[in-house]
2 protein chains.
Amino acid sequence: MSELTVRSKVWLEVDGEPFLGDGRYRLLRAVERGGSISAAARELGISYRKAWAQLAAMEAHAPFPLLERRTGGKAGGATVLTDETLRLLAAFGTLREAVNHDADRHFAHCFTGESTR
Amino acid sequence: MSELTVRSKVWLEVDGEPFLGDGRYRLLRAVERGGSISAAARELGISYRKAWAQLAAMEAHAPFPLLERRTGGKAGGATVLTDETLRLLAAFGTLREAVNHDADRHFAHCFTGESTR
DNA sequence: ATTTCGTTATGCAAAATCAGCACAACGAAA
DNA sequence: TTTCGTTGTGCTGATTTTGCATAACGAAAT
């Protein structure tokens, strides 16, 4: 028996360039939790190189500063999210959930059953 | 001034493998119109190789026959969609539009303005 | 002052993926 | 029997992704 499921994705673009999607959302949340890029990379099981590249690509198109980085210190360094980034993540988080939810709902309507609400 | 926009994507999976998304949807519609894979590839401006690979990947997971191919003949050959494929495309087409529309609506709600309806 | 430490940042090469050219096989119609 | 534009596929070069290795950093600890 083959299982048919629906999946959806939402992302934001700035001037037509990818800006914030699911992967970067999770990465930024991990940075928020861990207090550094490398901690976030470890948590997500990706290389620091990759995490750094994603953030750099994002910042290249960001209309405001995303991160505050500090290097050095006994702890090596740290990076924290700006308030604007936190607000952005909050808004995107609800958008993301709403769209995923609607996708499931419409899928049920168009494919399996009928009722939409 | 940087322009912030939302984009969204919906696709179907069979047993966790990508099955039908936007690209394959358009490709199948082009096959329907042109009556052959190569005509579809020409219409979409992609190589026959690429179009063929997409259809092959899709058929590998399809729970029913997607295409009926005929090779040979003065016209070279042809491929047409099965009735099941046509029904699938119809359902996916409405799903796709509904989700994209909702994404725009939620974006307006979460980011720029307020009213959702 | 000097050392220490785990960060940030980046060059570079290997690996994996993608794109597309080239060509064989096909077989109904002419 | 010939002809034609398909379908199907091998292969190669280009492109993207991945990750190893290492430099730079600088506040805190000594």
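Protein chains get the first letters and strands the later ones, always in sequence-line order, with residue 1 at the start of each.
Taking only side-chain nitrogens and oxygens, B/S38 comes nearer than 4.0 Å to OP1 or OP2 of D/dT6. Contact annotation: A/R69 side-chain N/O to D/dC25 OP1/OP2 distance is not under 4.0 Å.
The nucleotide C/dA30 finds its pairing partner in D/dT1, both defining distances of the Watson-Crick or G-U wobble pair being shorter than 3.5 Å.
Under a cut-off of 6.0 angstrom, the local environment of CZ in B/R29 is crowded, with over 12 non-hydrogen atoms contributed by other residues, nucleotides or ligands.
What separates NZ of B/K50 from P of D/dA14 is a distance of 18 Å, to the nearest Å. For the pair B/Y48 OH and D/dT6 P, the computed distance is 10 Å after rounding to whole Å.
Taking a heavy-atom distance under 4.0 Å as the criterion, the stretch of DNA chain C touched by chain B extends 5' to 3' from C/dA19 to C/dA29.
The backbone N or O of B/L81 lies less than 3.5 Å from no partner atom in the side chain of B/T85, so there is not a single donor-acceptor pair. Between the side chain of B/D15 and the main chain of A/E3, a donor-acceptor pair closer than 3.5 Å is present.
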Show every donor-acceptor pair shorter than 3.5 Å between a side-chain atom in residues 51-64 of chain A and any protein atom, with sequence neighbours excluded, or say none if there are none.
unit_1 : atom_1 : unit_2 : atom_2 : d
A/E59  : OE1    : A/R69  : NH1    : 2.7
A/E59  : OE2    : A/R69  : NH1    : 3.0

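Residues A/E32 and A/L86 form a side-chain contact, since some pair of their non-hydrogen atoms from C-beta on lies under 4.5 Å apart.
Where B/G72 and A/R42 each meet DNA chain C at their nearest nucleotide, the meeting point lying more 5' is that of A/R42. Comparing B/W52 and B/T71 along DNA chain D, the residue whose closest nucleotide (by nearest heavy atom) sits nearer the 5' end is B/T71.
Here the shortest heavy-atom pairing between B/F19 and B/L88 reads CE2-CD2, 3.8 Å.
Nucleic acid contact class of B/R49 (heavy atoms, under 4.0 Å, all strands): base.
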